[in-house]
Amino acid sequence: MIAVSPVALEVHDLVAGYGDLTVLRGVSFSVKPGKILTILGPNGAGKSTTLLTISGLTDQQGGEIIINGESQARSRSSRYGATVRSRAQLGLGHVLEGRGLFSDCSVAENLKLGFGKASGPITPALINEWFPKLAQLAQRTAGSLSGGEQQMLSLARAMAAQPNVLMIDEMSLGLAPVIVEELMPVLRSLADEHGVAVILVEQHVQLALSIADEAVVLNRGVVALKASAAELRANPERITESYFAGQ
Ligand SMILES: Nc1ncnc2c1ncn2[C@@H]1O[C@H](COP(=O)(O)OP(=O)(O)OP(=O)(O)O)[C@@H](O)[C@H]1O
Ligand SMILES: [Mg+2]
């Protein structure tokens, strides 16, 4: 794990999109080590674009991204790969749905690649404890797993890389509700016991608010609401209002 900065991730006035299209129009938020931020919002609001921009996979048109206190050069399409690698080395992890697995390699091999040369508090034994199902599937190829099992493996592999900022896009997609419920405490211990800053994009608002510390609602590429998760649990109508803001 890399040296801890008082703020793990900051984005200021982020403007980003795809080619000539601008999707994010001035998005700002920050996450401290050991905290879980959930990004909510209607379909097409810009949630995935926000995570992709932080990883360096879209055209950043304006604003600033700071990872562990280090301001990042803007990513351009000609150097997406180099940008993603350098941000990963800073401790940024990104779980995209079913992505990035080596489908011909076994579950165990995929996890081993996740651990790489990194050493830290997330040990193979801890991954086995958190994902007992993957331990049973260790010798199967990643490509032969079900969608939900692949989703679990993507998550476990991202954790194995000892991130200090972990961004998860739609974790519950394709997973049975019982598995999602089991994974929620895993994310909480990743934050509480290992100081990881977690960013959770979720369609299941109540589920996300049940484990998050802070919440941001995006709507049409701007921040429509920023509040503590506790406040939004007590006043859910504020979320509904923010989903319809500007309609
Ligand atoms: N590769 C792309 N090229 C062009 N436009 C894109 C691309 N990816 C997303 N968009 C557009 O950017 C906008 C924001 O999309 P994004 O995927 O960030 O939304 P989201 O909040 O993650 O939505 P969802 O809840 O449906 O996952 C949408 O209008 C979408 O059509
Ligand atoms: Mg999305």
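Remember, it's 1-based here, ligands and their atoms both numbered in the order they're listed.
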Query raised in the report: Under the criterion side chain to side chain contact (heavy atoms under 4.5 Å, CB included), which of Thr53, Asp59, Thr50, Thr49 is the partner of Val23?
Result: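 Option passing the side chain to side chain contact (heavy atoms under 4.5 Å, CB included) with Val23: Thr49.
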**Report entry** Name of the residue among Cys105, Ser154, Ser103 meeting side chain to side chain contact (heavy atoms under 4.5 Å, CB included) with Asn110
**Finding:**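 Checked Cys105, Ser154, Ser103 against Asn110; only one passes side chain to side chain contact (heavy atoms under 4.5 Å, CB included): Cys105.
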Query raised in the report: Residues in salt bridge (Lys or Arg N to Asp or Glu O under 4.0 Å) with Glu231, at least two apart?
Result: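 In terms of salt bridge (Lys or Arg N to Asp or Glu O under 4.0 Å), with neighbours along the sequence ignored, Glu231 is linked to Arg238.
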**Report entry** Under 2.8 Å from the Mg ion (ligand 2) - protein N/O/S, by chain and number
**Finding:** Ser48 OG
Query raised in the report: So, Glu214 and Lys35, do they make that salt bridge, N to O below 4.0 Å?
Result: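 Looking at Lys35 together with Glu214, the answer is no, because their closest N to O distance does not fall below 4.0 Å.
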Report task. Please work out which of Gly46, Gly221, Ser48 has its closest non-hydrogen atom nearest to atom 22 (O) of ligand 1. Result -> Ser48
Query raised in the report: Just going by heavy-atom distances, which of Gly44, Ala16, Gly19, Gly41 is nearest to atom 29 (O) of ligand 1?
Result: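 Nearest heavy atom to atom 29 (O) of ligand 1 lies in Gly44.
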Query raised in the report: Would you say Asn128's side chain and Ala135's backbone share a donor-acceptor pair under 3.5 angstrom?
Result: no
Query raised in the report: Transitively linked via ILVMFWY side-chain contacts under 4.5 Å: Leu92 with Val84?
Result: yes
**Report entry** Hydrophobic cluster identity match, Leu96 and Ile67, side-chain contacts under 4.5 Å
**Finding:**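 Yes, one cluster joins them.
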Query raised in the report: When you look for heavy atoms under 4.0 Å from ligand 1, do you find them on the side chain of Val201, its backbone, both, or neither?
Result: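 No part of Val201 is near ligand 1 at this cut-off.
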Query raised in the report: At under 4.0 Å between heavy atoms, which part of Thr49 makes contact with ligand 1: side chain, backbone, both or neither?
Result: both
Which residue supplies the protein heavy atom nearest to [atom], what is that atom called, and how far is it?
atom: atom 10 (N) of ligand 1; result: Tyr18 CE1, 3.5 Å
atom: atom 26 (O) of ligand 1; result: Asn43 ND2, 2.9 Å
atom: atom 27 (O) of ligand 1; result: Glu170 OE2, 3.9 Å
atom: atom 12 (O) of ligand 1; result: Val23 CG2, 3.3 Å

**Report entry** atom 31 (O) of ligand 1 touched by protein (heavy atom, under 4.0 Å)
**Finding:**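 No, there is no protein heavy atom closer to it than 4.0 Å.
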Query raised in the report: Do Gln61 and Thr22 meet the criterion of a side-chain donor-acceptor pair at a distance under 3.5 Å?
Result: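 A donor-acceptor contact under 3.5 Å links the two side chains.
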Query raised in the report: Does any donor atom in the side chain of Asp169 or Ser48 lie under 3.5 Å from an acceptor atom in the other side chain?
Result: yes
Query raised in the report: Does an N or O from Ala45, backbone or side chain, lie closer than 3.5 Å to an N or O of ligand 1?
Result: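 Between Ala45 and ligand 1 (N or O atoms, distance only) the closest approach is under 3.5 Å.
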Query raised in the report: Which is it for Val7 and Ile66 under the side chain to side chain contact (heavy atoms under 4.5 Å, CB included) test, yes or no, and what are the steps along the way?
Result: CA-CA 9 Å; Val7 183; Ile66 303 172; over 6 Å; no
Query - Test log, rule side chain to side chain contact (heavy atoms under 4.5 Å, CB included), inputs Asp213 and Leu37 - result: CA-CA 6 Å; Asp213 299 294; Leu37 170 81; over 6 Å; no
